[in-house]
Number of protein chains: 2
Amino acid sequence: MKLSTRGRYGTRLLLELALHSGDGPVQLKEIAQRQDISLGYLEHLVTPLIAAGMVRSTRGAHGGVWLAKSPWEIKLSEVVGLLEGSTAPVDCLNDPEACPRSDFCATRDVWAEVKEAMDGVLESTTLQDLVERQKSKQKPTEAMYHI
Amino acid sequence: MKLSTRGRYGTRLLLELALHSGDGPVQLKEIAQRQDISLGYLEHLVTPLIAAGMVRSTRGAHGGVWLAKSPWEIKLSEVVGLLEGSTAPVDCLNDPEACPRSDFCATRDVWAEVKEAMDGVLESTTLQDLVERQKSKQKPTEAMYHI
DNA sequence: ACTTTGTTGAGTATATTTGTCAACAAAAGG
DNA sequence: CCTTTTGTTGACAAATATACTCAACAAAGT
């Protein structure tokens with residue numbers, strides 16, 4: 001039941017964008033460095049987000065990517081959905097024909113409950129929630145001690 | 001976020017055993033046929049369950065495997081734990097040193113909430129719950145129409 | 001023009017999953 | 001005993017998915 005790097009890196013990418021929301025384009029290269037993700041891989045992660053209209057981009061000097069919506073409007077369920085596909089722990093939840101037992105399988109019901117439980121959390125968490133959580137975690141910098 | 005065949009097949013195996021709880025040994029070969037799982041693979045799945053004391057076994061003619069406890073006493077969280085390992089969607093929940101960002105990572109908190117949500121369902125579901133669910137799903141057999 | 005950035009697609013190394021197979025061990029029956 | 005039946009173990013391998021890399025390209029700036 002592990003999340004792949006797509007979901008993990010992708011969420012960190014979007015949190016970075018949310019932290020800079022309204023500041024104009026952020027370069028993928030910067031994010032790659034700060035988040036320690038290879039630039040080439042990050043490019044592939046941002047593609048489906050752009051296609052879905054969650055992120056916008058521009059090329060050329062001073063280009064970069066940014067959130068197309070406000071961080072309040074982006075739920076983690078959308079993010080995970082775009083990057084990992086469904087949260088269903090078993091394929092038969094999305095497609096009952098994936099398994100001939102779907103009609104009378106008792107275990108399938110439990111996996112459905114597990115999915116609902118996960119979705120509940122992801123539906124109720126937005127990028128803004130992550131931003132606020134991140135800000136409260138921010139390590140005090142050296143500068144903050146010299147006010 | 002998919003469950004592997006270990007978790008899926010293993011749960012079906014245990015449901016079979018729960019349905020025959022108290023009936024003495026059930027042969028792995030039977031279960032393999034009914035559940036359409038290769039015998040060789042099933043053998044590997046049952047090993048950790050035996051090691052954990054959840055299942056018992058005997059060899060030889062009329063041998064087989066059976067539940068070591070009553071179906072009420074076996075929670076799905078234990079089953080998934082044994083077969084899939086932790087339900088943590090990210091490694092840093094089990095081992096904070098798996099990622100240098102653990103201390104100040106906002107996304108980690110959300111994955112922890114997701115894990116708690118899943119665990120809640122798995123903790124509150126026992127093999128007996130599966131048995132009852134399965135019985136209520138049982139297709140009426142031909143014989144049942146001739147009482 | 002030229003540089004900087006994002007975009008796309010092909011290719012690949014690695015890891016994980018999902019098995020197979022064969023040798024072995026123990027229980028039961030004759 | 002001896003044979004058959006079953007579970008046990010470990011080595012191995014095929015298939016798949018993951019996590020990239022790289023190079024060619026496209027567009028935006030200067």
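Here is the naming used below: chain letters follow the sequence lines, and residue numbers restart at 1 for every chain. On a predicted model such as this, the values are computed, not experimentally measured, just so you know.
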Whether the side chain of B/K137 engages the backbone of A/A106 through a donor-acceptor N/O pair (distance < 3.5 Å, no angle test) should be reported. no
Without swapping roles, check the side chain of A/E123 against the backbone of A/S77 for a donor-acceptor pair under 3.5 Å. no
Let me know the distance between [atom1] of [X] and [atom2] of [N], rounded to the nearest Å.
| X | N | atom1 | atom2 | value |
| --- | --- | --- | --- | --- |
| B/D91 | D/dA19 | CG | P | 11 Å |
| B/E43 | C/dC24 | CD | P | 16 Å |
| A/I37 | D/dT21 | CD1 | C1' | 16 Å |
| A/I31 | C/dT5 | CD1 | P | 13 Å |
| B/L28 | D/dT6 | CG | C1' | 9 Å |
| A/Q35 | D/dC20 | CD | C1' | 18 Å |
| B/Y41 | D/dA14 | OH | P | 17 Å |
| A/L42 | D/dC22 | CG | C1' | 16 Å |

Between B/A61 and B/L39, which residue's closest nucleotide on DNA chain C lies nearer the 5′ terminus? B/L39
If only side-chain N and O atoms of [X] are considered, is one of them under 4.0 Å from the OP1 or OP2 phosphate oxygen of [N]?
| X | N | answer |
| --- | --- | --- |
| A/T58 | C/dT5 | no |
| A/S57 | C/dT5 | no |
| B/T5 | C/dT17 | no |
| B/Y9 | C/dG19 | yes |
| B/S38 | C/dG19 | no |

What closest approach, in Å, do A/P71 and A/T126 show between heavy atoms, and which atom pair accounts for it? O-CB, 3.6 Å
Side chains of A/T87 and A/K115 only: does a donor on one sit below 3.5 Å from an acceptor on the other? yes
Tell me whether the side-chain N or O atoms of A/H44 pair up with the base of D/dT21 as donor and acceptor below 3.5 Å, since no angle test is needed here. yes
same_hphob_cluster(B/V131, B/L14) at 4.5 Å side-chain heavy-atom cutoff: yes
Please figure out whether A/G60 or A/S4 has its closest DNA chain D nucleotide nearer the 5' end. A/S4
